[in-house]
Amino acid sequence: MTNTKIVSPKQDILYMVILSAVVLTMPIWLQPFGAAYPDLMQKFMIFGIFAIGYNILFGLTGYLSFGHAAFLGVGSYTAVWSFKLLSMNVIPALIFGTVLSGLFALAIGFVSLRRSGIYFSILTLAFAQMSYNLAYSVLTPITNGETGLQLTQGDARILDRAAGIQADASLPTPNLFGIEGIGYSGFYICAALMLISFFIYLRIFRSPFGLKLRAIKSNQSRMGYTGYNTRPYLMTAFVISGMYAGLAGSLLAVTDPLAGAERMQWTASGEIVLITILGGVGTLIGPLLGAGVIKYFENILSAFNDTVLVNAFSFLPDWLANGVASVLGLFVGDGWHLTLGLVFMLIVIFLPGGIMEGINRLWRLVSNRSSSSAEDKEKEQPSTKEA
Amino acid sequence: MDAIFLQILNGLDKGGAYALIALGLTLVFGTLGVVNFAHGAIFMMGAFCAVTLEKILTLSLRVKDESVTFFDAYKETPYLEVWFGDTGTAIIDWSVPLSIILAIPVMLLIGIVMERSLIRYFYKRPHADQILVTFGLAIVMQELIKAFFGANPIPQGAPDIVAGSAAIGAVFGLGEAVVYPWWRLIYLAFSLVTIGLVFSFLHFTTYGMVVRAGMADRETVELLGINIERRFTIVFGMAAVVAGLAGVMYTPVLPPDYHLGMDFLVLSFVVVVVGGMGSLPGAVLAGFLLGILQSFSSMTEVKDIFPGIDQVIIYLVAVVILLTRPRGLMGRRGVMES
């Protein structure tokens with residue numbers, strides 16, 4: 001189902017260059033869409049990382065994990081702790097967040113990957129719910145329970161203090177050697193990390209390892225008959241995707257140094273499944289598109305409220321405007337999840353390959369039509385000659 | 001001793017809810033082979049049937065309160081009380097049990113419409129697709145409920161006559177101090193009766209026999225000239241009714257809100273998997289077992305030894321069982337094995 005045709009390394013480099021150009025110029029070309037502010041673009045990048053990581057597991061091996069939010073949460077908590085204890089520099093936070101999520105994924109994967117299919121989904125779901133419940137209750141000293149883990153003035157920040165950086169009256173913000181983790185500079189930090197992650201992900205897709213993962217998806221038992229032990233490959237894929245989630249989680253903490261347990265709830269795991277499916281499972285660029293589309297519409301639609309709607313339809317007669325506004329009001333603002341659910345259902349029903357399949361179908365439609373019309377002309381020409 | 005007794009009861013009625021939901025899930029899975037993530041949402045719809053009926057019954061007439069003279073005050077009297085006096089009050093008081101009458105046709109309809117319009121196109125699709133589409137459906141259902149009923153839990157009262165606690169200790173010779181809410185006892189009895197009804201329907205009626213035959217070997221039953229698809233649709237509706245009734249009866253125990261379904265769904269899936277995918281007795285057994293385990297682990301004595309155990313016990317048990325008994329407690333060979 002995926003593009004198994006051989007792609008030359010040159011094409012990949014071209015691919016990366018185009019993607020980098022598109023991503024890095026986002027502040028410009030997103031302007032007309034009203035999405036060019038750094039906060040939202042950072043979300044695009046972060047959930048892009050999360051989604052491509054998830055795609056390594058779900059897209060390549062077909063293992064549907066319903067507990068990936070746990071890794072996101074672990075990444076966030078670790079990053080905030082690194083800010084508190086070590087330094088406000090993002091590098092240790094990202095490294096610790098990624099590594100610790102990787103270890104966590106190793107532990108969970110070791111157990112969960114003993115089963116497959118729906119049992120695997122339930123096991124990952126069970127582990128994620130366990131982490132979520134524990135984060136809310138017993139682990140309160142580490143996670144600060146419902147309030148969420150936050151920075152305070154009195155944090156140790158050993159490295160910062162050793163380097164002679166004194167905290168002033170306001171709370172320090174995460175930075176990369178002085179480059180702020182928020183605003184446009186923050187966006188470029190996220191974008192750079194996203195591009196690096198994407199490059200690794202691209203290499204995994206093209207590697208023999210990626211091919212083996214795909215083989216597991218298409219037929220695991222046959223893979224076993226050919227002499228491969230599939231477990232180590234699955235394990236590696238699981239840990240890598242856990243690390244991607246951890247990286248995304250730590251980046252979330254960089255943009256806003258506050259980690260709450262709700263990031264680990266299973267609805268959050270559901271969201272990443274949604275993003276990946278919407279974009280296109282197992283496709284290279286699909287998950288990124290999915291992350292962008294979902295976060296964009298979340299932002300746009302949830303900003304609407306009833307007064308905005310009534311104003312938008314003020315050209316209609318009053319009674320009609322109110323009626324239309326109240327019906328549409330169901331789908332925007334607080335109700336935007338309703339739209340999300342509906343769109344998601346439609347995608348799964350009619351377009352299981354997500355946006356990417358939609359684009360492919362359109363492309364085929366267009367190219368077929370033009371080529372078939374060309375053929376028709378060729379067929380017609382001799383007949384006219386004969387006549 | 002008293003505490004243990006009470007915890008067992010607690011676990012049994014929580015387990016009753018799990019067992020009822022898990023029963024429906026297993027029934028749907030066993031007949032149609034569909035993994036239904038929207039089943040929790042059906043449970044929640046049932047609970048909101050009770051809310052709706054209560055809202056209808058308490059539609060009120062606003063009349064001026066004559067006893068207040070300084071300013072205009074209004075008091076609301078439900079129409080039922082205006083029309084029928086004390087009988088009306090009694091009807092309102094009994095709104096939760098009465099909702100059962102409303103919930104049965106409504107849930108049957110919801111179930112059948114759901115199956116005919118959506119689920120049947122997913123028989124042949126992979127389980128992952130089924131999970132995803134029903135997950136989307138669950139989101140849609142809960143958001144609709146949220147749009148109409150708001151995000152806050154809506155408390156529902158049990159009828160006055162059973163609102164108090166039963167002096168259950170005296171019956172079992174444990175002393176007067178041991179009391180237990182009536183409604184929870186009723187819930188337990190209700191879940192046992194419902195489970196009994198479902199099982200006797202499947203085992204002692206011809207219809208049920210055909211359904212069981214269809215679960216075992218669909219193709220042969222079809223070759224015998226029986227329209228098994230229609231029966232399975234009815235079974236889906238039945239599963240919806242069971243979950244819906246479980247929801248209706250649960251409202252006095254836990255005020256329903258829109259994410260009630262999701263909360264129960266995760267747990268009941270764990271229950272189904274622990275019981276063994278496709279095994280009805282397994283689902284019931286696992287439901288009660290996990291309910292009891294959960295209520296024991298929330299005792300302070302246990303929590304002192306293992307802090308936080310009450311939050312994770314169900315998942316922990318699920319993990320252990322899935323790893324040691326891959327088919328669950330009573331799972332059959334060859335069902336959902338990869």
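So that the names make sense, note that chain A is the first sequence line, chain B the second, and so on, each numbered from 1.
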Quick check on [X] against chain A: is it the side chain, the backbone, both or neither that has a heavy atom closer than 4.5 Å?
| X | value |
| --- | --- |
| B:I131 | side chain |
| B:I314 | neither |
| B:L265 | side chain |

>> Nearest 0.5 Å, please: how far is CG in B:L132 from CD1 in A:I277?
In response: 4.5 Å
> Say you draw a straight line from CG of B:L144 to NE2 of A:H337; how long is it, rounded to the nearest 0.5 Å?
Replying inline: 14.0 Å
With a 4.5 angstrom heavy-atom cut-off, is it the side chain or the backbone of [X] that approaches chain B, or both, or neither?
| X | answer |
| --- | --- |
| A:L342 | both |
| A:V273 | side chain |
| A:Y136 | neither |

> Centroid-to-centroid, A:F66 to B:F269, below 6.0 Å?
Replying inline: no
Within a radius of less than 6.0 Å around [atom1] of [X], do more than 12 heavy atoms belonging to other residues, nucleotides or ligands occur?
| X | atom1 | value |
| --- | --- | --- |
| B:R116 | CZ | yes |
| B:F149 | CZ | yes |
| A:Y228 | OH | no |

> Taking every heavy-atom pair that is under 4.5 Å apart, which of B:V266, B:L267, B:V272, B:I313 has the most such pairs with chain A?
Replying inline: B:V266
Mind checking whether [X] and [Y] have side chains closer than 4.5 Å, heavy atoms only?
| X | Y | answer |
| --- | --- | --- |
| A:P352 | B:R125 | yes |
| A:F344 | B:I139 | no |
| A:I349 | B:F122 | yes |
| B:Y315 | A:N133 | yes |

>> I'd like to know which of A:L274, A:L64, A:V348, A:L340 tops the heavy-atom pair count under 4.5 Å against chain B.
In response: A:V348
> Closest approach of A:L338 and B:E143, non-hydrogen atoms and distance?
Replying inline: N-CG, 3.6 Å
> Of the non-hydrogen atoms in B:V133 and A:M345, which two are nearest, and what is the gap between them?
Replying inline: O-CG, 3.7 Å
